[in-house]
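Structure, as structure tokens:
Hydrogens, waters and symmetry mates are skipped; everything else that's a heavy atom, side chains included, is used. In each ligand, atom 1 is the first atom listed, and ligand 1 is the first ligand listed.
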Amino acid sequence: MLHSKLPQVGTTIFTRMSALATETGALNLSQGFPDFNPPQRLAQALGEHALAGNNQYAPMAGLPRLREAVAAQLLRHRRVDVDPETEVTIVPGATEGIFCAIQAVVRPGDEVVVLDPVYDSYEPAIELAGGRAIHVPLDTDFAIDWQRISEAVTPRTRVLMLNSPHNPSGSVITRNDLDELASLVERHDLLVCSDEVYEYLVFDGAEHCSVLSHPVLRERSFAHYSFGKTFSVTGWKTGYCVASPRLTEEFRKVHQYVTYVAVTPVQHALADFMHEDPDYPLSLAASYQRRRDYFLGALGESRFTWKPASGSYFQLLDYSAITDDVDLQLCERWTREHGVASIPVSYFYAEPPEQKLLRFCFAKSDEVLLQAAERLCAIPS
Ligand SMILES: Cc1ncc(COP(=O)(O)O)c(C=O)c1O
């Protein structure tokens, strides 16, 4: 008979809340996707390439011209020098990249440190590799507690999962965090799987601290990125993984049998656009920071409290001055009764702490953000 390999896993909260938003006609600030179009030239290029006949399998590691564009972007924006041939792999979404990296290096019995609140795709991938996720909570400000992590490391620990800018909290790591991480991974001979899909969404003048910019971490990390987040095309499901040649070789062994390749005309369109407008991603921080501030400004009269997100396109709101309700039920109730869908933050924890937080995606038009804020302001106690 069938014995589920993932007995704890059901349909993700994102799917459930988005479905509820559609069913009830609520404003959907739950799932992380923009409600506006990508740059027009990018969408046009996709159509052109499909019509021009670029519709068959790309090379397994990705189109060379897109890998070259990725390497050029890393050099231009991060001063990181990578070889597109041996260190960049185009994947059908960062989710697939993260899955493949974990399958490539985690063996049965290995432990993988994850930091709670944790993005929900990591643990199933670890379990399918036969590994065990060791949950270490971030501190109350969602900063990393390196002492706690160091205490959680055992001789079986193989990988540490990192995510900055962080979903769901919107926190970002610092250079000091990179140094702490580097000394930990050297001390215990660990690898790092670094989820940097929101790399360009860092606010208030802060810098994105990539593992690729640190000499020790550069050799020991898989860094994951999503064109979906950077170019507002989450439905195109295309991203890339950057890692040293040794790690990339193992990564590709898995990737070639999970999906083999990413979608060809999408890769051509992205390569064209990155070539034509290489600095487009640099415009994102200001534009998303403005959306964040617009949303928070419109919530000024509400009884929610918050710390403005430092990165990502998610804003946490603390509702403890409004109700004592548990966030999971509250989310559903407010979607039905007040017409705004969000995500309960307890969903991202193995052991949720005593806190009353909901996650709202502000990658939305001003009109939607204003309406959502008005509805949230009108919620009675
Ligand atoms: C932290 C994080 N990692 C990975 C992903 C997945 O990216 P992709 O759509 O490229 O698979 C998301 C998407 O929401 C995310 O928030």
Review point. Under the side-chain contact (heavy atoms from CB on, under 4.5 Å) criterion, do K229 and Y313 qualify, and how do the steps go?
Key: CA-CA 9 Å; K229 306 292 180 186; Y313 42 50; 3.2 Å; yes

**Study point:** Validation row, ring centre H77 to ring centre Y200 under 6.0 Å
**Key:**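 When the ring centroids of H77 and Y200 are compared, they turn out to be within the sub-6.0 Å range.
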
Practice item. Check whether any side-chain heavy atom of L201 sits under 4.5 Å from a side-chain heavy atom of S312, and report yes or no. Key: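 Not in contact.
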
Practice item. Classify the angle between the aromatic ring planes of F14 and F348 as parallel (below 30°), tilted (30 to 60°) or perpendicular (above 60°). Key: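 Rings of F14 and F348: tilted, 30 to 60°.
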
Point to revise | With E332 via salt bridge (charged side-chain N to carboxylate O under 4.0 Å, His left out) - residues at least two apart | key: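 E332 satisfies salt bridge (charged side-chain N to carboxylate O under 4.0 Å, His left out) with no residue once adjacent residues are dropped.
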
Between ligand 1 and the protein, which N/O pairs fall short of 3.5 Å?
from, atom 1, to, atom 2, distance (Å)
ligand 1, 3 (N), D195, OD1, 3.3
ligand 1, 3 (N), D195, OD2, 2.5
ligand 1, 9 (O), K237, NZ, 3.0
ligand 1, 10 (O), A94, N, 2.8
ligand 1, 10 (O), S226, OG, 2.7
ligand 1, 11 (O), A94, N, 3.1
ligand 1, 11 (O), T95, N, 2.9
ligand 1, 11 (O), T95, OG1, 2.6
ligand 1, 11 (O), K237, NZ, 2.6
ligand 1, 14 (O), Y198, OH, 3.4
ligand 1, 14 (O), K229, NZ, 2.7
ligand 1, 16 (O), N167, ND2, 2.8
ligand 1, 16 (O), Y198, OH, 2.7

Point to revise | Sidechain N-carboxylate O distance under 4.0 Å for R76, D279 | key: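 Looking at R76 and D279, the cut-off is met.
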
